[in-house]
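One structure is given below, encoded as structure tokens.
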Protein chains: 2
Amino acid sequence: MLSCNKERMEDKIKTFSKFGDTGKGGITRLSLSPEALDAREEFCRRCTALGMDIKTDDMANIYATISGEKGLPAIMMGSHIDSVKQGGNYDGILGVLTALEAAETIVTEKVPHKHPITVIVWTNEEGARFEPAMMSSGVITGKFDKDVMLASKDTEGITFKEALEASGYMGEIENRMTAEKYKALVELHVEQGPVLEDEKVDIGIVEGVCGMINYEFTFIGQADHAGTTPMKYRKDALYAATKTIQYLHDELDKLDGKLVYTTGKISAHPNIHTVIPDLVKFTLDVRHQDPEVIKQALEIIKAIPNIVEKCEASYEEAWSRKTVNFYPEFVGYVEKNAKEYGYSAKRMYSGPGHDAQFITDVIPTTMIFVPSENGHSHCEKECTPVDNCLKGANVLLQTILDIDKN
Amino acid sequence: MLSCNKERMEDKIKTFSKFGDTGKGGITRLSLSPEALDAREEFCRRCTALGMDIKTDDMANIYATISGEKGLPAIMMGSHIDSVKQGGNYDGILGVLTALEAAETIVTEKVPHKHPITVIVWTNEEGARFEPAMMSSGVITGKFDKDVMLASKDTEGITFKEALEASGYMGEIENRMTAEKYKALVELHVEQGPVLEDEKVDIGIVEGVCGMINYEFTFIGQADHAGTTPMKYRKDALYAATKTIQYLHDELDKLDGKLVYTTGKISAHPNIHTVIPDLVKFTLDVRHQDPEVIKQALEIIKAIPNIVEKCEASYEEAWSRKTVNFYPEFVGYVEKNAKEYGYSAKRMYSGPGHDAQFITDVIPTTMIFVPSENGHSHCEKECTPVDNCLKGANVLLQTILDIDKN
């Protein structure tokens, strides 16, 4: 079977890990920063060397294309090049580099194909410098208002618009991905979780992105002196919150085993060791692929009484996301190709969001996951062994070629 | 029976509520601030007008004395004049003003007494500007190292030494309270809790100050992505903390009903809604008058396993205080006098600390509590109705005279 080249794959990963190198095994490559621009330059240099045509759109998304038969829409593969602060060498960039490696294989091996094949680099997926995340795929698919995005500021007060204009990568709005010009997207990404590694599985066949709800809970009690207030007089907002977290665990654990839920954030006021807290807030993030299970989780939230341990309890949705299902035919290609290469594979849903989830509203889309060592992500320890990267690149390559044929 | 004067009592409270008036019903009168110095000046002016002799010691504690028979030690009454930020008009200052009113009654009614009678103002009881609390009573009773205290800085970088020297109230070390020169201290204070008001009791007969332990708990888990980490892989430090708070509640509730315990402070790291917390800390403050009950509480803490919900659990004592018992004879005088005035009274222990708890190691000491409306304290809502203040002043006066006689 056709295979990408391991040495080239390794070289790509090593080369790009220099752009934003923290010196501690990871990178800080915020969107449109000098480090990200260096990475873009290297990407374009390599694409040009392969004879690819490079265009950028008004959001600085880069489209590097191997030509195909005239009049046919292009097939896209790729991901993002930016990272979080002190992130790793795989999240995002591996999707670009495996796509580049697949393109390089097609070019150097002269692999026949009808459709143009585009390696895409999405601008500002992380939202770590300019909020929100998945900004540019969001703008071109109509999820976000472009003017609002242009006004987004980094911590130094620089707007996204200013960074965009200064980058040299701002192109024409006409170059945006549309359903007329593009027929598919396949995005490879690291799993960012421990399941594939733990179950010794090479390839994650991503069926979609989990729906999620994110709620903020508030408990209002009364701030009294820890030393003078007998227990029976207390309205302890932290105890009310504690009881509620336990209730949520007890009830949510009864739902489907694939449900994940997290209280990541908690605050207490006045947060003094000798004062009974009068205001406690915490968040609850709930994710599952099945909207019915999310609905059941919501029922559990709604069953929380107005008064918990004599404190006022309330909650509100901070945001939510509906489950995204990828294009079943493409999901099937990924499964078939993993099998044909002899790689172990597992159908799964993505917990985190990815650019692909926006694009799938416009053109048929799917994703491929490769394992994350110890599940680490968004940190310098992030790692996917090069053999796994190569397996991912091979499945990506063959899936693109299947889309091209069918 | 001899009685203090309600109009004078009310005038004193009103006058002193101007020094540091926040305009919202309370005061900010940090130790040795311009507002506190204004209050000291008014205090000294009134004492001088009553013919009292005024001395200060090296910690700026003020001793205003009505003379007595030569060679006899003085009897002290009083409290502190400083407040917390946005505090009330009763905590501390009421102990000074009831003592001043008792002294004024003795002087104006020419009440016979043998011992000199001193109204004391302790410097920096709150520790709100210069840490720690009860600084000056602590220094003169050997609890705190004076040099360390002098180096204590406020938020603007001013040391206690600088504030002391600038105050005009720094006197001689020879003027400090000693067991040779003073035979007793009675400190009146607001309860700072809801019990007296709730049980419709006029006078708290304070038997002592509750012992306390304060522990900080730490839970170390693993920070993973909320969307990618199945529940069974998680080491959620916040859930481990929640389980432990619940355990502490369940077990501590089985101990004596007078036990009070509080988790006032909690923090989670990284405190992001989409990340499982890897580090959570919380405090536990436990108070009871009986050292045996405190010991039982400690056993409950010590029974926490090293691993809770797959997270490392540890704890350490932040500080502790042994139970302080006041002088039983004086406690008896307070009880007798409340009864003779026809006031309802209740024996109780103080939850918070007071200067009296340090002084009791040197000379016989007791305290008198008056009700706090709604238990409010250390806030602008702090209130004790003037009738209750007068009742407290009367019991204080009579107790001082009992000590004088016996």
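Proteins come first, then strands; the chains are lettered A, B, ... in the order of their sequence lines, and each starts at number 1.
Taking both residues in full, the closest heavy atoms of A:Ala268 and B:Ile266 are given as CB-CG2, 3.9 Å, listed atom of the first, atom of the second, then distance. In terms of heavy-atom proximity, B:Thr283 sits nearest to A:His273 at OG1-CB, 3.6 Å. Minimum heavy-atom separation, B:Pro277 to A:Gly264: CG-O, 3.7 Å. Looking at every heavy atom in both residues, A:Thr262 comes nearest to B:Ala226 through OG1-CB, 3.3 Å.
Within 6.0 Å of NZ in B:Lys381 there are 12 or fewer heavy atoms belonging to other residues, nucleotides or ligands. When the shell of 6.0 Å around CD of B:Glu131 is examined, it contains 12 or fewer heavy atoms from other residues, nucleotides or ligands.
Of the listed residues B:Met212, B:Lys243, B:Lys232, B:His269, the one with more heavy-atom pairs under 4.5 angstrom with chain A than any other is B:Lys243. Options A:Thr242, A:Asn271, A:Val286 differ in how many heavy-atom pairs under 4.5 Å they form with chain B, and the most are formed by A:Asn271. Chosen from A:Gly257, A:Ser350, A:Pro352, A:Gly351, the residue pairing most often with chain B at heavy-atom distances under 4.5 Å is A:Pro352.
Both the backbone and the side chain of A:Tyr261 come within contact range of chain B, judged by heavy atoms closer than 4.5 Å. With a threshold of 4.5 angstrom between heavy atoms, A:Ile276 approaches chain B through its backbone and through its side chain. Neither the backbone nor the side chain of A:His378 comes within contact range of chain B, judged by heavy atoms closer than 4.5 Å. Proximity to chain B is absent for every atom of A:Glu216, based on heavy atoms less than 4.5 angstrom apart. At a 4.5 Å heavy-atom cutoff, the contact between A:Leu259 and chain B is made by backbone atoms alone. Residue A:Ser377 does not touch chain B at all, counting heavy-atom pairs closer than 4.5 Å. Heavy-atom distances place the backbone of A:Val275, and not its side chain, under 4.5 Å from chain B.
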Only pairs under 3.5 Å count here: list side-chain donor-acceptor contacts from residues 195-202 of chain A, not counting sequence neighbours, and write none if there are none.
unit_1: A:Glu197; atom_1: OE1; unit_2: A:Asn374; atom_2: N; d: 2.8
unit_1: A:Asp198; atom_1: OD2; unit_2: B:Tyr233; atom_2: OH; d: 2.6
unit_1: A:Glu199; atom_1: OE1; unit_2: A:Lys346; atom_2: NZ; d: 3.0
unit_1: A:Asp202; atom_1: OD1; unit_2: A:Lys391; atom_2: NZ; d: 3.2
unit_1: A:Asp202; atom_1: OD2; unit_2: A:Ser344; atom_2: N; d: 3.1
unit_1: A:Asp202; atom_1: OD2; unit_2: A:Ser344; atom_2: OG; d: 3.3

* Residue pair B:His225, A:His376: steps toward the side chain to side chain contact (heavy atoms under 4.5 Å, CB included) verdict -> CA-CA 8 Å; B:His225 194 295; A:His376 290 312; over 6 Å; no
* To do: Might you work through the side chain to side chain contact (heavy atoms under 4.5 Å, CB included) test for A:Thr274 and B:Arg287, ending with a clear yes or no?
  => CA-CA 11 Å; A:Thr274 54; B:Arg287 305 186 194 207; 3.6 Å; yes
* To do: Might you work through the side chain to side chain contact (heavy atoms under 4.5 Å, CB included) test for B:Leu252 and A:Met231, ending with a clear yes or no?
  => CA-CA 11 Å; B:Leu252 292 171; A:Met231 300 312 286; over 6 Å; no
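Residues B:Pro230 and A:Pro194 are in side-chain contact: their nearest non-hydrogen atoms beyond the backbone lie under 4.5 Å apart.
Using cut-offs of 30° and 60° for the angle between ring planes, the A:Tyr239 and B:His249 rings count as parallel.
B:Thr263 OG1 to A:Asp236 CG: the interatomic distance, rounded to the nearest 0.5 Å, is 7.5 Å.
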